[in-house]
Amino acid sequence: MQTSARFPWKDEYTVGNEFIDSQHRTLLELSDLLHVAVNAGQGYRIIQNAYAALVKYTQEHFLAEERFWGTAKSKSTQQHRAVHRAIAAELADLRQEGEFGVVFCTPNELSNWVEHRLIAHFIEEDQNAYRALPRPGRKAKG
């Protein structure tokens with residue numbers, strides 16, 4: 001990934017599980033691609049393809065993460081699922097069918113979604129859920 005990424009991976013985003021962290025890195029990379037396309041005013045197809053890739057991977061990640069939480073016996077699986085649905089709906093709202101065709105978000109709207117919803121989700125819900133998982137030799141928190 002380029003070093004001047006708009007949404008670079010930071011250690012503070014780490015959940016503690018390489019599978020989840022790897023998928024989170026990919027979400028940020030796809031968000032970067034969309035940001036570059038929207039910010040540069042690239043053509044509809046390029047923006048649409050970047051957006052579609054982010055939507056598809058977000059859906060795949062959320063399903064995989066929900067399976068992980070369920071298998072790991074997380075007490076927050078249902079709550080997590082609801083948060084995922086809300087975040088996915090907000091992502092869907094970044095692309096709208098307008099009177100004059102499809103309209104995509106502005107770079108600022110995308111940045112706000114990534115920083116205040118996606119990354120915040122990594123730091124808040126995902127990290128807390130991972131820390132609360134039952135571990136051998138200790139009782140589950142929460």
Residues which pass side chain to side chain contact (heavy atoms under 4.5 Å, CB included) with Glu109, listed by chain and number, not counting sequence neighbours: Leu94, Cys105, Thr106
From Asn39 atom CG to Asp32 atom CG, the distance as rounded to the nearest 0.5 Å: 11.0 Å
Straight-line distance of Leu28 CG to Lys10 NZ, nearest 0.5 Å: 10.0 Å
ring-ring contact (aromatic ring centres under 6.0 Å, His included) against Trp113, all qualifying residues, sequence neighbours excluded: none
Gln96 versus Asp93, closest heavy-atom pair with distance: NE2-O, 3.1 Å
Partners passing salt bridge (charged side-chain N to carboxylate O under 4.0 Å, His left out) against Glu12 (at least two apart in sequence or in another chain): none
Residue pairs fulfilling salt bridge (charged side-chain N to carboxylate O under 4.0 Å, His left out) with at least one residue in residues 38-59, sequence neighbours excluded: Lys56-Glu60
Inter-residue atom distance Asp21.CG - Thr26.OG1, 0.5 Å rounding: 11.0 Å
Partner residues of Tyr13 under the ring-ring contact (aromatic ring centres under 6.0 Å, His included) criterion, sequence neighbours left out: Trp9
Residues which pass salt bridge (charged side-chain N to carboxylate O under 4.0 Å, His left out) with Arg67, listed by chain and number, not counting sequence neighbours: none
Heavy-atom side-chain proximity of Asp126 to Glu65 below 4.5 angstrom: yes
Salt bridge (charged side-chain N to carboxylate O under 4.0 Å, His left out) involving Glu124 - partner list, sequence neighbours excluded: none
Separation of Leu27 CG from Thr58 OG1 (nearest 0.5 Å): 5.0 Å
With Glu90 via side chain to side chain donor-acceptor pair (under 3.5 Å) - residues at least two apart: Arg117
Partner set under side chain to side chain contact (heavy atoms under 4.5 Å, CB included) for Tyr44, not counting sequence neighbours: Gln48, Arg95, Val102, Phe104
Partner set under ring-ring contact (aromatic ring centres under 6.0 Å, His included) for His24, not counting sequence neighbours: His61, Phe122
Shortest non-hydrogen separation from Pro134 to Ala72 and the atoms involved: CD-O, 3.7 Å
Same cluster (ILVMFWY, side-chain, under 4.5 Å), Phe62 and Ile123: yes
Single-linkage hydrophobic cluster Leu33~Ile46, side-chain heavy atoms < 4.5 angstrom: no
Approximate separation, where rounding is to 0.5 Å, of Gln42 CD and Leu34 CG: 10.0 Å
OG on Ser31 to CG on Leu110, rounded to 0.5 Å: 6.0 Å
For Thr77, side chain to side chain contact (heavy atoms under 4.5 Å, CB included) partners two or more places apart: Trp69, Ser74, Arg81
Heavy-atom closest contact (Ala53 atom, Leu30 atom, distance): O-CD1, 3.8 Å
Counterpart residues, side chain to side chain contact (heavy atoms under 4.5 Å, CB included), relative to Asn17 (two or more places apart): Phe19, Ile20, Phe68, Tyr130
Chi angles and distances behind the side-chain contact (heavy atoms from CB on, under 4.5 Å) call for Arg6, Ser111: CA-CA 8 Å; Arg6 174 66 182 92; Ser111 293; 3.4 Å; yes
